[in-house]
**Q** 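Submitted below is the structure of interest, expressed as C-alpha cells.
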Amino acid sequence: MHARATILPLTLDRLTYARGGETLIDGISATIGPSSRTVVLGPNGAGKSLLLRLCHGLIAPTNGAVRWAGADAFGRQDVARRQAMVFQRPVLLRRSALANITYALSLQGRLGRSERPARARDALASVGLAHVAERPARVLSGGEQQRLAIARAAALKPDVLFLDEPTASLDPGACRAIEDAIRAIDAAGTKIIMTTHDLGQARRLADEVLFLCRGRLMEHTPAGEFFERPRTPQAAAFLRGDIVG
Amino acid sequence: MQGFDEALAAAWRLIVTGDTALVEIAALSLKVSLTAVFCAALIGLPLGAALALARFPGRGAVIVVINALMGLPPVVAGLLVYLLLSRAGPLGPYGLLFTPTAMVIAQTLLVTPIIAALTRQVVADLWTEYSEQLTSLGAGRLRAVPTLLWDARFSLVTAILAGLGRAMAEVGAILVVGGNIDGVTRTMTTAIALETSKGDLPLALGLGIVLLVIVLVINAAAHLFGATARRAAG
Ligand SMILES: Nc1ncnc2c1ncn2[C@@H]1O[C@H](COP(=O)(O)OP(=O)(O)OP(=O)(O)O)[C@@H](O)[C@H]1O
Ligand SMILES: [Mg+2]
C-alpha cells in the first residue's frame, strides 16, 4: 500500500524550542514511521501546534533536530515540497476556491498548467465542495474554508500531511466527511500526522498516539494501548476529561 | 475686483460651452498626472513589496528615507528635475525641459514615495498573516511578492489614489519644470495660479471647479469599484 518512496521516517532528536526563557518543546525524541496515522494529543498549550510547525520546518529548533530519512535521497528543497500542512487557522488567498488549489499546485510544480484544474476539482469534490469551486474563498463559511484548506493540501499528494485540528469548526456531518477524506488521503499513500481535541475522532483515526504535556512527550504508544491503559497519570487524567497542567 | 457671483456665472459659462482653452488645459492635466501615477505605481508597488519582505543591511534607513520623501515639497522635486533636465544637466541633451514629459518625471518623483511607503506597510501586515502558509506551500519571499500584491489589491487602490490626489493637486513641481507655457505645458493648477494673479477669476474658478469635479469623480468611481469588488471577493 505504501510502496512508493517517501521522505519518511521522521526522527526527532531531543527536539527543543524555547522562547523568552521558557522551554515550550522540551527534548522530544521519537521516530515516526510511514505506515500509520499519528495523532498528537494533549491539553491546550501543550505544544502540539509548535511540534507540527517544527516538524514541517516552519520554525527552527533552539536545540536538537528534525531529521527526514529521505533528506539525502531527495535533497532539502524536495523534502519540503513533499510535505503539506493544514493550519489551525488556515489562510486562504483572495481568489476563488479552485484558484487557491491551482495556485498551490503551480508552486509545487509537479503538474503542468493544463492538468491542474482537473486535480483541483477532484480535491474539492473529495471534501464536498465541488459546488463552490468558482466562489471567492474568503466568502466561504468557516467550516467550508477549513475543508478547502484540507483539499488544497491533499491536492498536492504529499508524502506527509500535517493537520492541526482539521475539524475544530465543523458540524458533526462535516466532521465525518473530513474523517473519511483523511482515511482516503492515507489510503492513497500520504502519511497523516494530526492533532485533535475530539477524543472520539482520535479513537476513530489514530494508529498511534503522541501525548504531550507542557512541551514534554509523555507517551508514544499504539492507539489501542493508549486509550485502554494509559501509562502516565497525566494521560489518564486527560482521558477522563480532567484539567491537566 | 469682480464680484464672486459674476465670476461664478462666467466660470459656469466656460464649462457648459466647453471652452477650448479650458478643455485643453484639463485634458493635459489629466494626461500628465495619470501617466505619472502609472509610472509611480510601476516603480512603487514592487519597491514597497520588496522593502516589506527583503532583509538587507540599511533597510531601516531606506524605509525612513522613503517615508520622509512622502513629504517632499513639490517645488523641491521640481528643482531637482529642473537641474537634471536643464541644458547643463546630465539629461540636458534630450531637451525635455518645459515639455509635458518633464512634468511627468517631476510628478513621478513626487508620487513614487507615497505609493512605495503605503505599499510597504500594507504588504508587511499581510506577510505576517500569510508567511507560514505561503512558506508551507513552497513560496519563497520573491515568489510571495506578486501573491501579496494581488491579495492586497483593494488596499493598494487606496495607496494609488493617494498618489493621484497629490499629483492632481500640486503646482510647484510642474510649474518649475513645465513653465506654464500656453498650449504646451499649462495645466489646471498652474493656470489657476497664473489667472488668479492676473485677476482673470472666471477662468481660474472654472478650472478650480473642473479640478474638484474630476478628483471627486475619480475617487467616487474607485470607491464604488472597490466596494463592489471587495464584496464579491470576500
Ligand atoms: N511565538 C511564541 N512566543 C511565546 N510563546 C509561544 C509562542 N508560540 C507558542 N507559544 C506558547 O507555547 C505553548 C504551546 O503552544 P501551542 O500552540 O503549540 O499549543 P497547542 O498544544 O497547540 O494548544 P491548543 O490545543 O490550544 O491549540 C503555549 O503556551 C503558547 O503560549
Ligand atoms: Mg494548537
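Residue numbers begin at 1 in each chain, while the letters A, B, ... track the order of the sequences. In what follows, every heavy atom counts, from backbone to side chain, and hydrogens, waters and symmetry copies are set aside.
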**Q** So does Arg183(A) pair up with Asp180(A), basic N to acidic O under 4.0 Å?
**A** yes

**Q** Side chain, backbone, both or neither: which part of Phe162(A) has a heavy atom under 4.5 Å from chain B?
**A** neither

**Q** Which ring-ring contact (aromatic ring centres under 6.0 Å, His included) pairs, counting each pair once, include a residue from residues 116-138 of chain A, with sequence neighbours left out?
**A** none

**Q** By a 4.5 Å heavy-atom criterion (distance strictly below it), what part of Leu156(A) contacts chain B: side chain, backbone, both, or neither?
**A** side chain

**Q** Do you know which of Gln108(A), Gln77(A), Arg95(A), Gln83(A) has the most heavy-atom pairs with chain B at a distance under 4.5 angstrom?
**A** Arg95(A)

**Q** Please classify the contact of Arg152(A) with chain B as side chain, backbone, both or neither, using a heavy-atom distance under 4.5 Å.
**A** side chain

**Q** Working note: Glu170(B) + Leu110(B), criterion side chain to side chain contact (heavy atoms under 4.5 Å, CB included); need CA distance, chi angles, decisive distance, verdict.
**A** CA-CA 9 Å; Glu170(B) 73 90 16; Leu110(B) 276 180; 3.8 Å; yes

**Q** Is a salt bridge present between Arg214(A) and Asp26(A), judged by a nitrogen-to-oxygen distance below 4.0 Å?
**A** no

**Q** Which answer fits Leu148(B), side chain, backbone, both or neither, if we ask what part of it has an atom under 4.5 Å from a heavy atom of chain A?
**A** neither

**Q** Are Arg121(A) and Glu134(A) within salt-bridge range, i.e. N to O under 4.0 Å?
**A** yes

**Q** Nearest 0.5 angstrom please: Ser33(B) OG to Gln107(B) CD, how far?
**A** 4.0 Å

**Q** Between Ser131(B), Gly138(B), Ser136(B), which has the largest tally of heavy atom pairs under 4.5 Å with chain A?
**A** Ser136(B)

**Q** Give, as side chain, backbone, both or neither, the part of Arg135(A) having an atom under 4.5 angstrom from any heavy atom of chain B.
**A** neither

